[in-house]
Amino acid sequence: MADHEITEYERKRLENIKRNDEMLAALKIQSRINDLSTVNKRQRTESKSYKKSPTKNLKPETPVVLRRSLRTRGVPPDAISACGLKDDYDETRVSKILKLNFSPVKKVSPRAPVPLAMRDAYTSDDALDQKLIQTISGFSKKFQLSENNKFPCDLVKGVEKNEDFEAPKVRKMASGSVKVEALKLEPKNIARVVPGRIMDVRFFPTADVTMVAVGNKFGNIGFWNVDIENDDGNGIYMYCPHSGPISGIVIDPFAMSKMFSSCYDGFIRLMDVEKEVFDLIYSSEHSVYSISQSPHDTKSLYFSEGYGGINMWDLKAGKSLSSWNLHDNRINTIDFNSENSNILATSSTDGTACIWDLRHMNADKPKSLSTVCHKRAVHSAYFSPSGRFLATTSVDDRIALSTGENYEDTSMVYHDNQTGRWISTFRGKWGWDDSYVFIGNMKRGVDIISVAGKKIVSTLRSELISAIPCRFDAHPCKVGMLAGATSGGQVYIWSL
DNA sequence: ATGACAATTATTACG
DNA sequence: CGTAATCCATTGTCAT
């Protein structure tokens with residue numbers, strides 16, 4: 001037999017196949033571990049997150065000094081140990097939990113479809129989580145006890161003078177025009193909050209404390225209280241309430257002690273600071289790709305699932321009120337029009353963004369009010385603060401700005417959106433009025449698109465930025481405060 | 001048409 | 001300081 005010389009191409013291909021198989025196998029094993037982890041008791045005595053002497057690997061001369069990074073230094077780089085899923089569950093924590101009179105459950109994995117004690121999900125070595133809990137319940141209580149017309153963000157109208165929170169409420173963002181040149185990034189407003197890729201970043205909707213929550217690819221949720229300067233701790237707290245990439249975070253401005261998070265693992269949890277648990281709200285076979293709440297109706301939750309489905313979930317009843325199949329592929333964002341909360345926009349990998357009217361959605365596959373068509377996947381569709389514009393971002397390297405009666409008047413702005421595999425997709429986000437959209441670029445800057453000029457008018461740049469900021473949040477109460485999050489777990493906060 | 005596969009990309013931990 | 005390892009995105013291309 002003539003022996004076949006293996007061509008370079010074939011060799012490479014075989015290698016790839018082998019690698020992929022190994023990777024798949026590893027993923028499967030991991031998910032098995034997650035499923036079985038109630039019984040699984042693998043423990044390694046020396047988990048990296050408990051190592052004492054942190055090795056400084058930030059070049060001292062570089063200006064890229066992540067604020068108070070020493071403490072986060074110990075956070076292990078890889079997903080699994082970061083989440084404590086497989087190898088860093090320690091007995092001391094179990095006994096602490098038992099002492100604290102939590103139900104004597106065995107180890108609870110974030111994948112188990114049950115509530116998860118916050119302390120159980122806390123991933124740092126010291127017990128500073130209580131401090132976070134105090135902070136959050138502090139400002140959320142303050143808000144609840146204050147007079148009825150004193151809500152966070154000065155944002156209320158139409159609130160009745162009773163204690164009943166059923167009263168119609170409207171969330172009004174702090175608005176105003178910003179001179180974009182005035183936005184500054186200071187070293188103290190930089191921190192690494194979690195390891196790995198950040199999928200979503202969100203400010204707490206209060207002016208009392210500057211605090212962000214981020215969710216990463218590994219299922220961690222990190223908090224950063226930016227106001228904490230130099231007392232014990234660095235204002236950074238990390239939990240692992242999920243077993244996969246966190247697709248969205250929602251904080252109801254009228255109940256800030258409760259925070260929703262959705263995950264590719266199909267779970268939606270509610271962090272309830274009063275009960276000190278990550279409650280289980282919803283669990284599914286399918287991935288949950290986005291989550292949103294109507295500004296009017298905070299009794300229900302909207303989220304997208306699988307390949308094009310949307311659910312309207314009643315929080316009180318704990319069941320789905322409606323579900324629709326709106327797209328041919330995954331829905332990446334859901335956003336409500338702040339001026340008319342019957343109107344919502346979805347963006348989808350099927351290449352379209354659609355605007356829907358909740359009053360006309362009876363069929364399983366309803367007809368959209370209007371559709372913005374792109375040539376490739378659409379990764380976000382957000383209404384402007386006034387609701388008059390819709391900004392969609394697509395991998396076809398376009399940002400569409402749509403306006404008019406039915407948003408039929410669309411103009412396209414070119415923007416390089418080729419983020420590749422390691423960077424979370426870009427999403428053009430509105431600032432504090434209808435004039436600007438903020439979006440990251442591949443050169444570690446933040447492009448600012450002017451709606452009037454239909455082009456990039458400015459770019460935020462800084463030597464302090466060590467990675468590409470890809471996910472953003474504009475502070476709902478503080479005009480000019482913008483948080484950007486990277487694939488390396490850092491958060492940058494620009495402010496006036 | 002459908003499906004499998006390669007190439008692409010940036011960040012970081014580690015040697 | 002260079003480099004291996006990351007690995008639930010996306011798309012075009014080539015095979016079936």
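Values in this document were obtained by computation on a predicted structure and should not be read as measured data. Numbered from 1 within each chain, the chains take letters A, B, ... in sequence-line order.
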What integer number of Å spans the C1' atoms of dA13(B) and dC8(C)? 22 Å

Looking across every strand, which nucleic acid part, if any, lies under 4.0 Å from Arg197(A) by heavy atom: base, sugar-phosphate, or nothing? nothing

Under 4.0 Å between a side-chain N or O of Arg376(A) and OP1 or OP2 of dA9(C)? no

Round to a whole Å and report the spacing from CZ of Arg444(A) to P of dT12(B). 8 Å

Ser294(A): which residues meet the side-chain contact (heavy atoms from CB on, under 4.5 Å) condition with it, sequence neighbours left out? His296(A), Asp297(A), Tyr302(A), Phe336(A), Ser341(A)

Can you classify the ring geometry of Phe203(A) versus His475(A) as parallel (below 30°), tilted (30 to 60°) or perpendicular (above 60°)? tilted

Quick one: CD1 on Ile439(A) to CG on Asn441(A), what's the gap to the nearest 0.5 Å? 9.0 Å

If we count only N and O atoms by modelled type, under 3.5 Å, do the side chains of Lys478(A) and Thr210(A) hold a donor and an acceptor together? yes

From CD1 of Ile198(A) over to P of dA10(B), roughly how many Å is that when rounded to an integer? 18 Å

Checking side-chain hydrogen bond (donor to acceptor under 3.5 Å, both in side chains) for the pair Asp314(A)/Ser300(A): CA distance, chi angles, key distance, verdict? CA-CA 5 Å; Asp314(A) 181 14; Ser300(A) 43; over 6 Å; no

Would you call Trp422(A) stacked on dT11(B), i.e. ring centres under 5.5 Å apart with the planes less than 30° off parallel? no

Counting only side-chain nitrogens and oxygens, does Arg330(A) get under 4.0 Å of the OP1 or OP2 atom of dT10(C)? yes

Phosphate contact (dT12(B) OP1 or OP2) by Gln490(A) side-chain N/O below 4.0 Å: yes

Does Tyr264(A) put a side-chain nitrogen or oxygen below 4.0 Å from OP1 or OP2 of dA9(C)? yes

Ring-plane angle category for Phe204(A) and Phe223(A), please: parallel below 30°, perpendicular beyond 60°, tilted otherwise. tilted

In whole angstrom, what separates Tyr307(A)'s OH from dT10(C)'s C1'? 12 Å

Ile465(A) CD1 to dT12(B) P: how many Å, rounded? 13 Å

Within the structure, does a side-chain N or O atom of His379(A) lie under 4.0 Å from either OP1 or OP2 of dT10(C)? yes

In whole angstrom, give the distance that lies between atom CD1 of Ile246(A) and atom C1' of dC8(C). 14 Å

Short side-chain donor-acceptor distance under 3.5 Å, Thr392(A) and His374(A): yes

Applying a 3.5 angstrom cut-off to the pairing atoms, does DNA chain B sit in any stems of at least three consecutive Watson-Crick or G-U pairs? List them by first number. B:1-8 with C:9-16, B:10-15 with C:1-6

Rounded to whole angstrom units, what separation is found between the CG atom of Asp396(A) and the C1' atom of dG12(C)? 16 Å

Distance check: side-chain N/O of Lys375(A) vs OP1/OP2 of dT11(C), anything under 4.0 Å? no

Atom CD1 of Ile468(A) and atom P of dA9(C): how far apart are they, to the nearest Å? 18 Å

Roughly how many Å is it from CD1 in Ile423(A) to C1' in dT10(C), rounded to a whole number? 15 Å

